[in-house]
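Take a look at the structure below.
Both ligands and their constituent atoms are indexed starting at 1 by order of listing.
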Amino acid sequence: MEKRIKLLGRTPEELTAIALSEGLPAFAGKQMASWLYQKKVRTLDEMTNLSKEGRARLSQRYEVGVAPVLACQVSRDGTRKYLFPADCSHRPELHAADTDPNLEHSAIEAVMIPDGERKTLCISSQAGCKMGCRFCMTGRQGFHGHLSAGDIISQVIAVAESDELTNVVFMGMGEPLDNYENVRRALEILTAPWGFGWSPKRITLSTIGVLPNLHRFLEESRCHLAVSLHDPFAEERAGLMPVQKAWPASEVVRLIRQYDFTGQRRVSFEYTMFDGLNDSPRHADAIVRLLRGLECRVNLIRFHKIPDFEYDTASDHRMESFRGQLEKAGLTATIRASRGQDIDAACGMLAGQNRQNQS
Ligand code: SF4
């Protein structure tokens, strides 16, 4: 059967053009946007204010495009990890399998993390990743494709907690600024009045610092920013994160300093702590020098050990004294609680397993 084209991920203008091409009135475009992003329907049949004939015509070529949940792991602490089929494409109208045969066995993850009143969904922007960070399971799997805006938004709709979510973070599989056009569009859908209508304060984009697109993101969006730092020393960081050679952390910080983070918009720096690698007072000193005077937060993160990577997580004692040193120097620093440790918690674990099972 011919694959249907997904409506999810399209703007009201694009939906209007589709409506007109299928013989529906122009206002059906706005109606479709409301059904997709506000009422979060799964089928065209649920769009009951479109005529029955109109829906029948649409369904010959189009579908809503919410991905099915392939698997869901639930942690003792309430964290839930969802697995979805990857259906990536540079062009939303093409099915992934048309562009990359590997995608047949690819999957992406979204993780829902409850914390008191908050329910945060961590979503993926790519299947796999090109960036090759050594400590990351997703990086190990290589790159399989960009997610379309519809596939990004589908994660927010498909999880059981969709209507209870308070926050979304782009911290799952992939580097969001390596798929900027689709991510920008997904951010627009999440924040536009015709879309989810969320405040940008509820959304954080996390990046390792893809400089040209970081510049665009800072100009074009009001969402929060998180930067993966992990080591303040250029040579050491390059050993962990190849991106350092193209776009050094010092350049990333220089760019960020040009923007205002003293008001509603926040910037944080993610710092995964590895025992004996980046957890010394010398490292804390270098972070203080790098970030001096910038209104920001440093999140210290425990490392979930992964196979074939020589470092383990830093000890609690080391992390406490590291935080103390940063705070003494005037930086705000927190130690991030580990969540979902009893499930395949490290980013890319569940999808990697799925790939192995399939191949
Ligand atoms: Fe890609 Fe992020 Fe993993 Fe680095 S840490 S390889 S950018 S997914």
Margin query: Please determine whether C133 has a backbone or side-chain N, O or S atom lying under 2.8 Å from atom 1 (Fe) of ligand 1.
Written below: no

Margin query: Between E46 and K39, does any NZ, NE, NH1 or NH2 come within less than 4.0 Å of an OD or OE carboxylate oxygen?
Written below: no

Check: Considering only heavy atoms of I208, which atoms of ligand 1 have at least one such atom less than 4.0 Å away?
Finding: 7 (S)

Next item on the list: Compute the ring centroids of Y259 and F261, then answer whether they are less than 6.0 Å apart.
Entry: no

Check: Hey, is atom 3 (Fe) of ligand 1 within less than 2.8 Å of some N/O/S atom on C136?
Finding: yes

Check: Relative to the heavy atoms of G139, which atoms of ligand 1 are at a distance of less than 4.0 Å?
Finding: 6 (S)

Note to self: Could you tell me if E236 and H283 have a donor-acceptor pair between their side chains, going purely by distance under 3.5 Å?
What the structure shows: yes

Item checked: Side chains of E175 and T207, donor plus acceptor under 3.5 Å -> yes

Next item on the list: For M131, counting its heavy atoms only, list the atoms of ligand 1 lying under 4.0 Å from any of them.
Entry: 1 (Fe), 7 (S)

Checklist line | Any donor-acceptor N or O pair under 3.5 Å, side chains T334, N299 | finding: yes

